[in-house]
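Everything on this sheet refers to the single structure shown next.
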Amino acid sequence: MLTEPRNLHWPISTLELTTPDLTLRLPSDSELDALAQVAAEGVLPDGVVNFPQPWASGPPPERARNVVQNHWWARGDWDRDNWRLLLAVFHGNQVIGQQNLSARDFATTGESRTGFWLGQRFQGRGYGTQMRAAALALAFDGLSAARVTSTAFAHNSASRAVSRKFGYRPNGVRRIAVGGRAIDAHEEVIEKADWPSHSKLAPVEIAGLSACLTCFR
Ligand SMILES: CC(C)(COP(=O)(O)OP(=O)(O)OC[C@H]1O[C@@H](n2cnc3c(N)ncnc32)[C@H](O)[C@@H]1OP(=O)(O)O)[C@@H](O)C(=O)NCCC(=O)NCCS
């Protein structure tokens with residue numbers, strides 16, 4: 001349940017997704033600061049790189065600033081034809097991570113992509129599965145997406161396990177350079193027809209979408 005007044009002139013701030021354990025919504029300024037602190041405390045083990053832009057691999061103050069700036073950039077750059085929804089994830093009142101859903105030319109392609117991260121101490125408790133369920137419910141049930149993709153590095157067993165649970169299929173491998181290393185990035189895809197049979201993994205409630213639907217398509 002929203003506790004703070006939302007910004008009437010930024011309709012996406014009314015959007016709220018609820019799973020059995022989590023709430024996902026745009027963070028207020030102070031909540032964004034708390035999210036940055038979660039990143040500062042650690043998202044990845046030392047030496048591990050799971051993102052094409054290694055925003056989570058630098059020193060703690062840099063990681064925190066990357067989170068804050070990324071949210072400001074995504075809001076400032078928002079366009080119906082090219083949007084990035086960065087939702088803070090709450091367990092009770094505690095912010096624990098971030099779920100992304102983004103798209104380019106969504107009204108035409110119906111294609112969207114997801115990304116997600118949790119503070120290290122919140123990983124491995126099933127929250128990632130609920131976060132992905134929330135993003136997929138928003139994409140398929142809320143926004144009528146045709147397909148949703150996810151890209152994970154070959155070594156990222158947790159992220160790829162989440163995709164497997166939702167029945168994603170392989171959609172190609174790109175070899176990219178990250179920090180001077182060659183890494184295989186596996187894209188996986190779930191189509192609308194495959195969603196109903198996998199939506200039971202975690203029930204999701206969507207609130208506040210009608211007020212912001214035109215921001216997405
Ligand atoms: C990826 C991430 C969001 C997944 O969230 P999570 O809460 O840890 O995942 P869950 O607890 O929901 O686990 C999902 C599945 O992955 C499996 N899994 C988790 N960690 C695993 C590992 N290291 N190796 C193999 N399987 C793993 C779990 O067993 C679970 O499957 P199950 O329910 O069938 O047992 C989280 O681990 C994370 O933030 N990692 C660091 C950032 C990152 O890599 N982001 C994604 C970039 S593509």
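For ligands, and for the atoms within them, numbers begin at 1 and follow the listed sequence.
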Only one of Asp79, Asn100, Asp77 forms a side-chain hydrogen bond (donor to acceptor under 3.5 Å, both in side chains) with Arg84, so which one is it? Asp77

Report the member of Ala133, Ala161, Gly115 with the shortest heavy-atom distance to atom 16 (O) of ligand 1. Ala161

Can you confirm whether something in the protein, heavy atoms only, sits under 4.0 Å from atom 6 (P) of ligand 1? yes

Beyond-backbone contact of Trp10 with Cys212, side-chain heavy atoms, under 4.5 angstrom: no

Within a strict 4.5 Å, meaning less than it, do heavy atoms of the Ser159 and Asn50 side chains meet? no

When you look for heavy atoms under 4.0 Å from ligand 1, do you find them on the side chain of Phe153, its backbone, both, or neither? neither

Heavy-atom proximity to atom 46 (C) of ligand 1, picking from Phe116, Phe122, Trp117, Tyr127, points to Phe116

Could you identify the single nearest non-hydrogen protein atom to atom 36 (C) of ligand 1 and state the distance to 0.1 Å? Gln123 CG, 3.8 Å

Salt bridge check: are Glu187 and Arg174 linked by an N-O gap of less than 4.0 Å? no

Considering the heavy atoms of Asn50, write down every atom of ligand 1 situated less than 4.0 Å from one of them. 43 (C), 44 (O), 47 (C)

Sub-4.5 Å side-chain heavy-atom contact between Trp55 and Val67: yes

Is atom 12 (O) of ligand 1 near the protein, in the sense that some protein heavy atom lies at less than 4.0 Å from it? yes

Can you confirm whether Trp78 sits close enough to Phe216 that some side-chain heavy atom of one is under 4.5 Å from a side-chain heavy atom of the other? yes

Near Thr151, which atoms of ligand 1 are under 4.0 Å from a heavy atom of that residue? 48 (S)

Going by the order shown, which atoms of ligand 1 are within less than 4.0 Å of some heavy atom of Ser157? 22 (C), 24 (N), 25 (C)

Close aromatic pair by centroid cut-off 6.0 Å: His91 and Tyr127: yes

Any side-chain donor near an acceptor of the partner, Arg132 and Ser163, under 3.5 Å: yes

Under 4.0 Å from a heavy atom of Val43: give me the atoms of ligand 1 that qualify, with their elements. 41 (C), 42 (C)

Students should be able to answer this: which protein heavy-atom is nearest to atom 31 (O) of ligand 1, and at what distance? Lys165 CD, 3.8 Å

Contact summary for Val38 and Trp117, nearest pair of heavy atoms: CG1-CZ3, 4.0 Å

Any atoms of ligand 1 less than 4.0 Å from a non-hydrogen atom of Val162? List them with their elements. 14 (C)

Do ligand 1 and Gly128 have nitrogen or oxygen atoms that lie under 3.5 Å from each other? yes

Dump the intermediate steps for salt bridge (Lys or Arg N to Asp or Glu O under 4.0 Å) on Arg125 and Asp21, then the final yes or no. CA-CA 11 Å; Arg125 301 187 198 175; Asp21 294 314; over 6 Å; no

Check ligand 1 against Asn156 and write out every atom of the ligand that is under 4.0 Å from a heavy-atom position of the residue. 43 (C), 44 (O), 46 (C), 47 (C), 48 (S)

Could you tell me whether Thr129 and ligand 1 have an N or O pair separated by under 3.5 Å? yes

Who's the nearest protein heavy-atom neighbour of atom 39 (O) of ligand 1, and how far? Leu118 N, 2.8 Å

Is the backbone N or O of Val49 less than 3.5 Å from a side-chain atom of His155, with the two atoms forming a donor-acceptor pair by type? yes

Atoms in ligand 1 with a heavy atom of Leu44 nearer than 4.0 Å: 41 (C), 42 (C)

Ranking Ala158, Gly124, Gly126 by closest non-hydrogen atom to atom 37 (O) of ligand 1, top hit is Ala158

May I ask whether atom 28 (C) of ligand 1 is less than 4.0 Å from at least one protein heavy atom? no

Ligand-side contact atoms (ligand 1) for residue partner Arg125, heavy atom cut-off under 4.0 Å: 11 (O)

Closer than 3.5 angstrom, by distance alone: can the side chain of Ser112 be matched with the main-chain N or O of Ser102 as a donor-acceptor pair? yes

